[in-house]
Student: 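Provided herewith is a single structure, encoded as structure tokens, for subsequent inquiry.
Every number for a ligand or one of its atoms is a count from 1 in the order of the listing.
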Amino acid sequence: MRIGLDLVSVESVNASIAAHGPRYLHRTYTEQELSECAGQPHRLAARFAAKEAAMKALDRGDEALPWTSIAVHSEPSGRPTLHLSGAAAELARKRGIARLECSLTHDGGFGAAVVVALPAGDASV
Ligand SMILES: CC(C)(COP(=O)(O)OP(=O)(O)OC[C@H]1O[C@@H](n2cnc3c(N)ncnc32)[C@H](O)[C@@H]1OP(=O)(O)O)[C@@H](O)C(=O)NCCC(=O)NCCS
């Protein structure tokens, strides 16, 4: 099992939006993330933290992963789920990781996330 943790300031997200607008938003977040978090930069900060935490848990190394290949979706209960596609899904397969779980928080101008990567074949989870 591997874990990743990351912290992102809402200010940095707002600064990126101000500087690069839609280009930043669409290069970093999926359409579903953008629609679930519209007008809520603190929630985007937590999702950006989740992407970086996932890269730590995946032990990215030199692999280039598009930000949108790691996405956080919200269940109706509010529980976040982490979804990999493309290069991130491929890296997870290479690392023997079956699934990732995440938990998010945002407060005091920061968003944070912890991600746990669970190995394939672990019957205990
Ligand atoms: C789930 C809960 C613990 C979140 O607490 P919180 O302090 O408001 O949450 P934070 O601000 O730290 O974090 C928010 C994130 O929690 C996550 N979250 C929300 N609901 C969740 C759930 N059911 N399960 C897991 N994570 C959840 C989300 O990712 C959310 O961020 P997002 O909206 O950007 O996706 C809270 O909503 C809750 O259910 N509390 C229980 C209250 C209760 O039962 N009280 C009984 C006393 S009588």
Student: Name the closest protein heavy atom to atom 26 (N) of ligand 1, giving the residue it belongs to and the distance to 0.1 Å.
Tutor: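 Here the closest protein heavy atom is P80 CD, 3.4 Å.
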Student: Between T81 and H73 (side chain of the first, backbone of the second, donor and acceptor by atom type, cut-off under 3.5 Å), is there such a pair?
Tutor: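 Checked: pair present.
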Student: Is it true that, when you exclude I3 itself, more than 12 heavy atoms of the residues, nucleotides or ligands shown sit nearer than 6.0 Å to its CD1?
Tutor: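 Atom CD1 in I3 is not packed in, count stays at 12 or less.
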Student: Quick check on atom 13 (O) of ligand 1 - does any protein heavy atom sit closer than 4.0 Å to it?
Tutor: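 It does: a protein heavy atom is found less than 4.0 Å away from atom 13 (O) of ligand 1.
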Student: Any protein heavy atom lying closer than 4.0 Å to atom 31 (O) of ligand 1?
Tutor: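 Yes.
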Student: Are the side chain of R60 and the backbone N or O of M55 linked by a donor-acceptor pair below 3.5 Å?
Tutor: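 Checking the backbone N and O of M55 against the side chain of R60, no donor-acceptor pair under 3.5 Å is found.
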Student: When you measure from the side chain of R2 to the backbone of D59, do you find a donor-acceptor pair of N or O atoms at a distance under 3.5 Å?
Tutor: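 No, the answer is negative, given that no donor and acceptor are paired below the 3.5 Å cut-off.
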Student: Looking at E36 and S74, would you say the former's side chain and the latter's main chain have a donor-acceptor pair under 3.5 Å?
Tutor: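 Flag set: sc E36 to bb S74 pair under 3.5 Å.
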Student: How far is atom 17 (C) of ligand 1 from its nearest protein heavy atom, and which residue and atom is that?
Tutor: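 It is G78 O, 3.9 Å.
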Student: Do NZ/NE/NH1/NH2 and the carboxylate oxygens of E101 and R79 come within less than 4.0 Å?
Tutor: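 Yes, this pair counts.
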Student: For T105, take its heavy atoms, then give the atoms of ligand 1 lying under 4.0 Å from any of them.
Tutor: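 In order of number, 10 (P), 12 (O), 13 (O).
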Student: So, does E33 use its side chain to make a donor-acceptor pair with the main chain of L44 at under 3.5 Å?
Tutor: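 Pair absent, no side-chain N/O of E33 close to backbone of L44.
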Student: Which of the numbered atoms in ligand 1 are under 4.0 angstrom from any heavy atom belonging to R43?
Tutor: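 Listed by number with element, the hits are 32 (P), 33 (O), 34 (O), 35 (O).
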Student: Counting each atom of ligand 1 from 1 as listed, which ones have a heavy atom of S77 under 4.0 Å away?
Tutor: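 Heavy-atom distances to S77 below 4.0 Å select 20 (N), 23 (N).
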Student: Yes or no, since that's all I need: does a protein heavy atom fall within a distance strictly under 4.0 Å of atom 47 (C) of ligand 1?
Tutor: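 Protein heavy atoms within 4.0 Å of atom 47 (C) of ligand 1 - there are none.
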Student: Strictly inside 4.0 angstrom of atom 43 (C) of ligand 1, do you find any protein heavy atom?
Tutor: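 Protein heavy atom within 4.0 Å of atom 43 (C) of ligand 1: absent.
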Student: Under the 4.0 Å line, does any protein heavy atom show up next to atom 1 (C) of ligand 1?
Tutor: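 Under the 4.0 Å cut-off, atom 1 (C) of ligand 1 has no protein heavy-atom neighbours at all.
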Student: Using modelled atom types only, decide if a donor and an acceptor are shared between the side chain of K51 and the backbone of T28 within a distance under 3.5 Å.
Tutor: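 Yes; judged by distance alone, with no hydrogens or angles, the pair exists.
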Student: Any idea which of R79, H73, E33, H42 brings a heavy atom closest to atom 25 (C) of ligand 1?
Tutor: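 Heavy atom nearest to atom 25 (C) of ligand 1 belongs to R79.
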Student: Tell me whether the count of non-hydrogen atoms from other residues, nucleotides or ligands lying under 6.0 Å of CD in E11 goes above 12.
Tutor: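 Result for CD/E11: open.
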Student: So which heavy atom in the protein is nearest atom 11 (O) of ligand 1, and how far is it from that ligand atom?
Tutor: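 The answer is H106 O, 3.8 Å.
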Student: Provide, to 0.1 Å, the distance between atom 16 (O) of ligand 1 and the closest protein heavy atom, together with that atom's residue and name.
Tutor: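 The closest one turns out to be L104 O, 3.6 Å.
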Student: Please test D6 against V8 for side chain to side chain contact (heavy atoms under 4.5 Å, CB included), starting from the C-alpha separation and ending with a verdict.
Tutor: CA-CA 7 Å; D6 203 71; V8 170; 3.5 Å; yes
Student: May I ask whether atom 19 (C) of ligand 1 is less than 4.0 Å from at least one protein heavy atom?
Tutor: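 At least one protein heavy atom is under 4.0 Å away.
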Student: Does only the side chain of R47 get under 4.0 Å from ligand 1, or the backbone, or both, or neither? Count heavy atoms.
Tutor: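 The answer is the side chain.
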Student: What verdict does the side chain to side chain contact (heavy atoms under 4.5 Å, CB included) test give for W67 and H26, after you've listed the backbone C-alpha separation in whole Å, the side-chain angles of each residue and the deciding distance to 0.1 Å?
Tutor: CA-CA 10 Å; W67 294 112; H26 292 284; over 6 Å; no
Student: Does the protein place any heavy atom closer than 4.0 Å to atom 6 (P) of ligand 1?
Tutor: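 No, because not a single protein heavy atom sits under 4.0 Å from atom 6 (P) of ligand 1.
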Student: Hey, is atom 9 (O) of ligand 1 touched by any protein heavy atom at less than 4.0 Å?
Tutor: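 No; the ligand atom in question lacks any protein heavy-atom contact below 4.0 Å.
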